> 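Could you have a look at this structure, given as structure tokens, before my questions?
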Protein chains: 2
Amino acid sequence: MIETKWLSAAERSTWVKFTAVLELLPAALDLQLSRDEALTHFEYFTLAMLSEAPNRVLRTSALAARTNATLPRLSRVVTHLESASLVKRSPCSEDRRATNVELTEAGWQKVVAAAPGHVAAVRRLVIDALTPTQVENLSEIFTVVLKQLDPDGRMLASDSEADGRR
Amino acid sequence: MIETKWLSAAERSTWVKFTAVLELLPAALDLQLSRDEALTHFEYFTLAMLSEAPNRVLRTSALAARTNATLPRLSRVVTHLESASLVKRSPCSEDRRATNVELTEAGWQKVVAAAPGHVAAVRRLVIDALTPTQVENLSEIFTVVLKQLDPDGRMLASDSEADGRR
DNA sequence: TATCGAAACTTGCAGATACAACCAACCCCG
DNA sequence: CGGGGTTGGTTGTATCTGCAAGTTTCGATA
């Protein structure tokens with residue numbers, strides 16, 4: 001049995017706030033998007049990832065990696081988005097096991113329409129309350145934290161990789 | 001229609017990391033606790049809030065405020081914890097509408113047993129990767145953010161208030 | 001003190017998610 | 001070229017959570 005190294009007062013104070021943010025921020029983001037756009041934050045994020053992909057198409061598993069969703073979760077969300085005509089599934093020509101998920105024109109319009117309100121919420125809840133220095137500090141802090149949480153950087157791969165296309 | 005003020009490159013970069021942390025950290029905390037202690041992070045947090053309360057008792061609604069849970073959610077979690085004999089419900093003598101939730105001895109032992117592993121996870125995933133200056137910066141940043149998310153400071157009321165007893 | 005609106009839960013119902021089981025297609029190696 | 005293990009994706013089942021409705025009690029007011 002290893003001796004526990006408890007948190008210092010400063011560390012505890014920071015952690016209490018961290019857990020509060022973890023609990024409240026996702027709910028606040030979901031609230032704005034579901035109220036104004038009838039989308040969950042996860043659905044919006046999924047559409048946004050697609051909108052940034054080459055040709056606005058990704059394979060299901062590539063999309064799952066970018067959104068950090070399990071495959072079952074993403075599959076059901078795509079089913080739901082598809083029934084709203086925001087995305088379209090099609091078989092992948094290179095690998096017949098795979099499915100491509102493509103943003104429809106309506107899906108693109110939805111992202112375009114939803115983005116301003118979402119950005120406004122992000123500003124109101126987080127960014128605008130911080131100084132530029134704090135924004136920079138926060139970026140460095142999360143970079144370090146993400147090294148622990150996501151060593152492979154799956155969630156930040158939107159720009160660097162070239163797989164998962166067509 | 002108001003002109004949208006988009007995020008700068010630095011702001012966007014910070015926000016992308018923030019959303020990644022929001023998605024990954026709760027899952028990581030849940031994973032450790034459910035693997036090692038058969039508790040969700042929310043259940044652990046609920047027990048922890050009770051363990052810090054005077055006499056280890058809180059009214060259901062006071063406990064809900066401290067954990068940021070809706071009443072229905074907390075009610076069901078308490079039912080579950082009660083069936084595991086970790087907490088005990090009893091009618092409140094002052095207000096017969098209200099229910100007191102009390103940590104049992106077994107519940108206290110559970111918190112004591114689970115805390116080291118949880119703290120270790122918090123250290124491994126977050127705290128130990130940061131410098132003391134970063135911990136301090138993060139505290140200030142979250143203080144500001146929480147002013148937007150939780151203006152009444154409900155989630156940080158563990159020490160300041162005197163209501164919700166017995 | 002009778003009544004009416006609010007508060008403190010609890011429960012019914014519907015949607016979301018995880019895990020596991022499943023099927024189909026792929027790839028490698030004998 | 002024929003398994004055998006692996007990968008890509010979907011679906012069954014159980015749990016969790018939110019919203020809304022229902023019940024009891026409270027408190028203020030007429």
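Quantities reported herein were computed from a predicted structural model and do not represent experimental measurements. The figures that follow rest on heavy atoms only: side chains count, while hydrogens, waters and symmetry mates do not. A, B, ... follow the sequence lines: proteins, then strands. Residue 1 opens every chain.
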> Do the side chain of A/Arg97 and the base of D/dT7 come within less than 3.5 angstrom through a donor-acceptor pair of N or O atoms?
yes

> Side chain of A/Arg73: nearest nucleotide among D/dG9, D/dT6, C/dA18?
C/dA18

> Checking B/Arg124 side chain against A/Gln148 main chain: does a donor-acceptor pair fall under 3.5 Å?
no

> Output the single nucleotide from D/dG8, D/dT10, D/dC26 whose closest atom is nearest the side chain of A/Ala98.
D/dG8

> Out of D/dG8, C/dT11, D/dC26, which nucleotide sits closest to the side chain of B/Asp95?
D/dC26

> Below the 4.0 Å mark, does C/dT10 have OP1 or OP2 next to a side-chain nitrogen or oxygen of B/Thr99?
yes

> Between B/Ser75 and C/dC9, is there a side-chain N or O to OP1/OP2 distance below 4.0 Å?
no

> Is there a donor-acceptor contact under 3.5 Å from the side chain of B/Asp30 to the main chain of B/His41?
yes

> Please state how far atom CZ in B/Arg96 lies from atom P in D/dT23, giving the value in whole angstrom units.
19 Å

> Quick one: closest heavy-atom pair of B/Asn100 and B/Cys92, and the distance?
ND2-CA, 3.6 Å

> With respect to the phosphate group of C/dA8, does any side-chain polar atom (N or O) of B/Thr60 fall under 4.0 Å of OP1 or OP2?
no

> Please report, rounded to the nearest Å, how far the C1' atom of D/dG18 is from the CZ atom of A/Arg35.
17 Å

> Rounding to a whole Å, what distance do you find between B/Leu63:CG and C/dA8:P?
14 Å

> Please check: side-chain N/O of B/Asp95 versus main-chain N/O of B/Arg97, any donor-acceptor pairing under 3.5 Å?
yes

> Pick the closest DNA chain C nucleotide for A/Ala69 and for B/Ser61 by heavy atoms, then say which residue is nearer the 5' end.
B/Ser61

> Which one, C/dA8, C/dG12, D/dT11, comes nearest to the side chain of B/Arg76?
C/dG12

> Counting heavy atoms from C-beta on, name the nucleotide in D/dG18, C/dT10, D/dT10 closest to the side chain of B/Thr70.
D/dG18

> Measure CG/A/Asp30 against C1'/D/dG18 and give the value in whole Å, please.
12 Å

> Would you say B/Thr60's side chain and B/Thr99's backbone share a donor-acceptor pair under 3.5 angstrom?
yes

> When you match A/Leu31 and B/His80 each to their closest nucleotide on DNA chain D, which lands nearer the 5' end?
B/His80

> Could you tell me the separation between the CD atom of B/Glu94 and the P atom of D/dT24, rounded to a whole number of Å?
23 Å

> Using whole Å, what does the distance between atom C1' of nucleotide D/dC16 and atom CG of B/Leu39 come to?
15 Å

> Nearest nucleotide by nearest heavy atom, which residue falls closer to the 5' end of DNA chain D, B/Glu43 or B/Pro72?
B/Glu43

